[in-house]
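Beneath this line is the structure, given in structure tokens, with notes to follow.
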Amino acid sequence: MIILTDIKVEEKWQRKWQESNIFPSDPNNKKKIFVTVAYPYPSGAMHIGHGRTYTVPDVYARFKRMQGYNVLFPMAWHVTGAPVVGIAKRIKRHDPWTMDIYKNIHKVPEEEIEKFTDPNYIVEYFSTEYHDVMTRMGYTIDWRREFKTLDPHYQKFIEWQFRKLKAKGLVRIGEHPVKYCPECENPVGDHDLLEGEGVGINELTLVKFELEGEYLVAATFRPETLFAATNLWLNPDSEYIRVKIDNEIWIMAKNAYDNIFNQKKDISIESGINAQNLIGKQVKNPLTGAEHIILPAPFVDPEYGTGVVYSVPGHAPADLIALIDLKKDEKELEKYKIMEEVQSIQAIGMIKLEGYGEIPAEDMIKKLEVKNQNDPNLKEATNEIYKLEHAKGIMDKNTGEYQGLKVVDARDKIIKLLLDSKKGDILFEFAERPVICRCGTKCVVKILDDQWFLKYSDEHWKETTYQCLEGMKIIPEEVRANFKYYIGWLQDWACSRRIGLGTLLPWNKDWLIEPLSDSTIYMAYYTIAKYMKNIDPEDLNDQFFDEIFLGLKSDSENPYNISPELTKEMKDEFNYWYPLDWRLSAKDLVGNHLSFHIFHHSAIFPRNKWPRGIVVFGMGLLEGNKMSSSKGNIVMLEDAIETYGSDVIRLFLMSSAEPWQDFDWRENEVKGISKRLDRFFEFSERVEKMYGSKICLEDHKTVPNVKKPINKWMIAQVNMRIKEATEALEGFQTRKALQDSFFLFKKDIDHFFYRIEHETEDENAMSEIADVMVYVLGIWIRLMVPFVPHGCEELWEKHGGSGLVSTTEWPQYDIDLMDEKVQKGEEIVHGLSQDINEIKKVISIKPNKIHVYVAPEWKWKLFDIANKIGKPDIGKIMQEAIKQNVHDNKKEIAELAKKIGREMTKIKYIGKIDEYSTLNNSIEFLCGEADAKVIIYDKPTYDPQGKSRNAMPYKPAIFIE
RNA sequence: GCAGGGGUGGUCGAGCGGUCAAAGGCGCUAGGUUGAGGGCCUAGUGGGGUAGCCCUUCGCGGGUUCGAAUCCCGUCCCCUGCACCA
């Protein structure tokens, strides 16, 4: 047995491809295809998930190349961003968790890890490794165009792009809340956190309750409930302070100050204030003007929000419970002398909610059986009401002009009113806590006030983006709806960063360009990247890029220091490759990267350079579970190559799921694929044996002229498989393509071998069969090249194919060879054999002779009539049959006409077939299968039980004795 | 909550008005081949049946149609995203 999945064999071909220089692509007079896949962020080793991502474009590129296209498939490294900076820091600190992952999961040798304290080294190390593994996977990448996003040339390109956007008014400055570590004095990403990964930032409304010229400031998610406020809560055991802000004095918990300090300008602590002295005092509701009493509440968290809470017992279960508890707490009431006031407080209802009474909080407490303030169900009760009122609540009585509005709408209006009238403000707060930096400090939400934004909210920009999307192919098509949604939903995107690797914002060098924002139109850069080695980055200016990418001539004499010839060459090259034909990326990037890609192209390039299509990838699973490098649930691509060889991996990844579906790496099934691939390789040996001498595929380029139906059938099947596989690959359906070109193809061959088994002794028959098999082999190898390129090269060479099979032409199918009647004939033979078997099984006798009667002429005529009529209309069929006088016996016609509707659809009628000779041609096979003598009758000359009347087109009658 | 996608036989997964008891893989059963247990090939894998057929199934309930896994309505459940991050 030959083992073509041997790594040595694979490496040999990788070398040959490189030597023959076939995959670097330059413009020529052929039609072009330009396909790119999201460049990787090399912060770790490649795993099988990456394997899928990069194999799909490679398969497509190989396929298109064989079809005669000039294909460009480039690759680069996205090294800009924050994560590696965090990793480097942790390595420096010898953080055991990080060290473990890099040593044991990513398999980085000890001496290399030491150098990982430099983030630049990390990306350097892994991009080299990626390059190496990609080569070992047999990818047909044009490596002359490889670059990193930190290359000075690329940075010039990014600067050009940003100045361009700014000039178009698509960049603005503003403020923006971020997670921030006061100790490190830096914004923090998730990778920098000890605790609180993935925690969101919520926006709360601050409501100012006036108290003697100063303000108690409460933070709330639900400012619309101000109408039902009854009192304020302060925690008497916490420290409170008076804060000066914009000539106002705000009163809040001391612990809340750290957070708010980072969000407001001109803010300072004026003095402390004793909360106990405030209890019992009255404040004024800024919305209603009503007076509310300040009450004590130990449950108020001084760190959350402002440590000041206003109470809405009608709609907040916690407030209601607290109020009930307080009413019972005579000691406390005595202490603050608020007995009378508290006892008179009644919950107020203001939101109508179906299924709930006037006071929903009360109903909810009963429903969930909340006993007291410490009841764990209390939280759920609060959430439940919030959800329900948010979704279905209608503003009711006590809400003045807002009555009848949906809660959500009323809330927006009220927030706006409070802000406009300076009776309220905004506060950002973590959705969950704690959020702790790796340095151990509690993080806060900080507002960066000179943050730069890409204005994705711009209506005009959105409009052109929609137009761009409209002209694009999206695979799978269902994702188009997602794109539409995201384009509409995207707000301004903070595109500047303080930490990470990246390109400086050209007009403000305090900022780095955010890494998703520097990867939107870089596909254009690939077209000229190979020239950059010989160009000084300082010579690249905006006039240069304007000319290359936009064809804009500068007015000045010598706008840049690059020769006109070279400029022209680059410009021509860009215009040859662009627009981009396909962009491939994972589905979690639909809402950002892929949408940005469309946004930016539509903003910068003219219509004829807008991208043409997107393919979205699914995720990868490992034995049914999510892959995760931090949990060690991962298979590294390099290890898989060592174990199986890259052809097996490619074949498995492409056949187990379509690109946009989630694939599942199951060791068992990978092994199964490996075995099947061996079978494919062995097939050629079998053919050679049958052929009798060494095959020279080069001499068998034409379709053999065959006589036997079964040989014709084989050729028909092959052509059908080529057609299906080709069409599938056009739409990136790698799984379907393989279903036809590999699995079903194999099934056809098995069937064919099975059918011709009894002819192996017949030399004449074998000669025709061998010709067919050599033809099949030549086709099969070529159909498999995109998927298993190494093994196919080996086979191709071994069996006398000329040149590299990777550059051979893709098999063409001939529609005339896909003879329906030949295929139907084989179906009839096979079907008859199965019918005989079924009858044998049911009547359980050992037959001596089997008599087979084909359908008489008139039945075929009747089928023809029915076929013409189309619909199962018995009356019409009868009428026509009688008119044409197809048969004397009208009763029999009627009987058949009744059944015909059903029969027709069932058998997929394609016209008359000479069943008598078809079956006789396969008589040996039929006898063998039935293990009895089979006699085919044209006319029922011997039919003791009258079975011949059962004969129908495509379904001969059977009599067993 | 909002948006998108989905529920198919032991399992993964095609199908998306008639060719559907429903492709293909894996698993399982039987037979063949063979160096007996591996591999490969053939057949079977919802139920029933002394003639190639009949009955029941594609989350659940209803409807449209000569005909529905496929279309419509309702309902339950599951997955993904909701951002400043690659």
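Sequence lines set the chain letters: A, B, ... in the order given, protein chains first and strands last, and positions in each chain run from 1. Values in this document were obtained by computation on a predicted structure and should not be read as measured data.
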Inset, instruction - Examine A:Arg755 relative to A:Phe925 and say whether NZ or CZ is less than 6.0 Å from the centre of the six-membered ring and inside a 45° cone about the ring axis. - result: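 Positive - A:Arg755 is close enough to the ring of A:Phe925 and near enough to its axis.
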Once you round it to whole Å, what is the distance between [atom2] of [N] and [atom1] of [X]?
| X | N | atom1 | atom2 | value |
| --- | --- | --- | --- | --- |
| A:Lys484 | B:C2 | NZ | P | 21 Å |
| A:Leu832 | B:G52 | CG | P | 14 Å |
| A:Met952 | B:G52 | CE | P | 13 Å |
| A:Gln733 | B:G24 | CD | C1' | 15 Å |
| A:Phe430 | B:A83 | CZ | P | 14 Å |
| A:Asp588 | B:U80 | CG | P | 12 Å |
| A:Trp665 | B:G13 | CH2 | C1' | 19 Å |
| A:Glu623 | B:C12 | CD | P | 14 Å |

In terms of side-chain heavy atoms of [X], which of [options] is nearest?
| X | options | value |
| --- | --- | --- |
| A:Tyr754 | B:C53, B:A51, B:U42 | B:U42 |
| A:Glu514 | B:A86, B:G81, B:U42 | B:A86 |
| A:Trp489 | B:C53, B:A86, B:C82 | B:C82 |
| A:Asp835 | B:U80, B:G52, B:A86 | B:G52 |
| A:Val842 | B:G49, B:G52, B:A86 | B:G49 |
| A:Tyr485 | B:C40, B:A83, B:C2 | B:C2 |
| A:Phe743 | B:C26, B:G24, B:C85 | B:G24 |
| A:Asn592 | B:C85, B:C40, B:C26 | B:C85 |
| A:Asn482 | B:U42, B:G4, B:G49 | B:G4 |
| A:Ile960 | B:U42, B:A86, B:A51 | B:A51 |

Touch class at under 4.0 angstrom, heavy-atom based, for [X] against every strand present:
| X | result |
| --- | --- |
| A:Asn950 | base |
| A:Gln739 | base |
| A:Glu757 | nothing |
| A:Pro956 | base |
| A:Lys179 | nothing |
| A:Ile673 | nothing |

Expected output: side-chain [X] to main-chain [Y] donor-acceptor under 3.5 Å:
| X | Y | answer |
| --- | --- | --- |
| A:Tyr456 | A:Trp489 | no |
| A:Gln451 | A:Ser496 | yes |
| A:Trp665 | A:Ile634 | no |
| A:His50 | A:His47 | yes |
| A:Gln263 | A:Val445 | yes |
| A:Thr734 | A:Met654 | yes |

Complementary nucleotide for [N] - Watson-Crick or wobble, under 3.5 Å:
| N | value |
| --- | --- |
| B:G18 | B:C66 |
| B:G74 | B:C60 |
| B:C40 | B:G32 |
| B:G52 | none |
| B:G27 | B:U45 |
| B:G1 | B:C82 |

Think [X] has a side-chain N or O under 4.0 angstrom from the OP1 or OP2 of [N]?
| X | N | value |
| --- | --- | --- |
| A:His830 | B:A43 | yes |
| A:Lys587 | B:U80 | no |
| A:Arg735 | B:G13 | no |
| A:Lys841 | B:G31 | no |
| A:Arg679 | B:C40 | yes |

Legend entry - Separation of the C1' atoms in B:C53 and B:A21, to the nearest angstrom: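 These two C1' atoms come out 13 Å apart once rounded.
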Legend entry - P spacing across the pair B:G5 / B:U19, given as an integer number of angstrom: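 Their P atoms lie roughly 28 Å apart.
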Legend entry - Position toward the 5' end of RNA chain B (nearest nucleotide), A:Leu490 or A:Lys947: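 This one resolves to A:Lys947.
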Legend entry - Earlier contact from the 5' end, RNA chain B, for A:Lys747 and A:Leu516: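 Checking each residue's closest nucleotide, the 5'-ward one belongs to A:Lys747.
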Legend entry - Qualifying residue for side chain to side chain contact (heavy atoms under 4.5 Å, CB included) with A:Pro42, from A:Val84, A:Val79, A:Ile122: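 That would be A:Val79.
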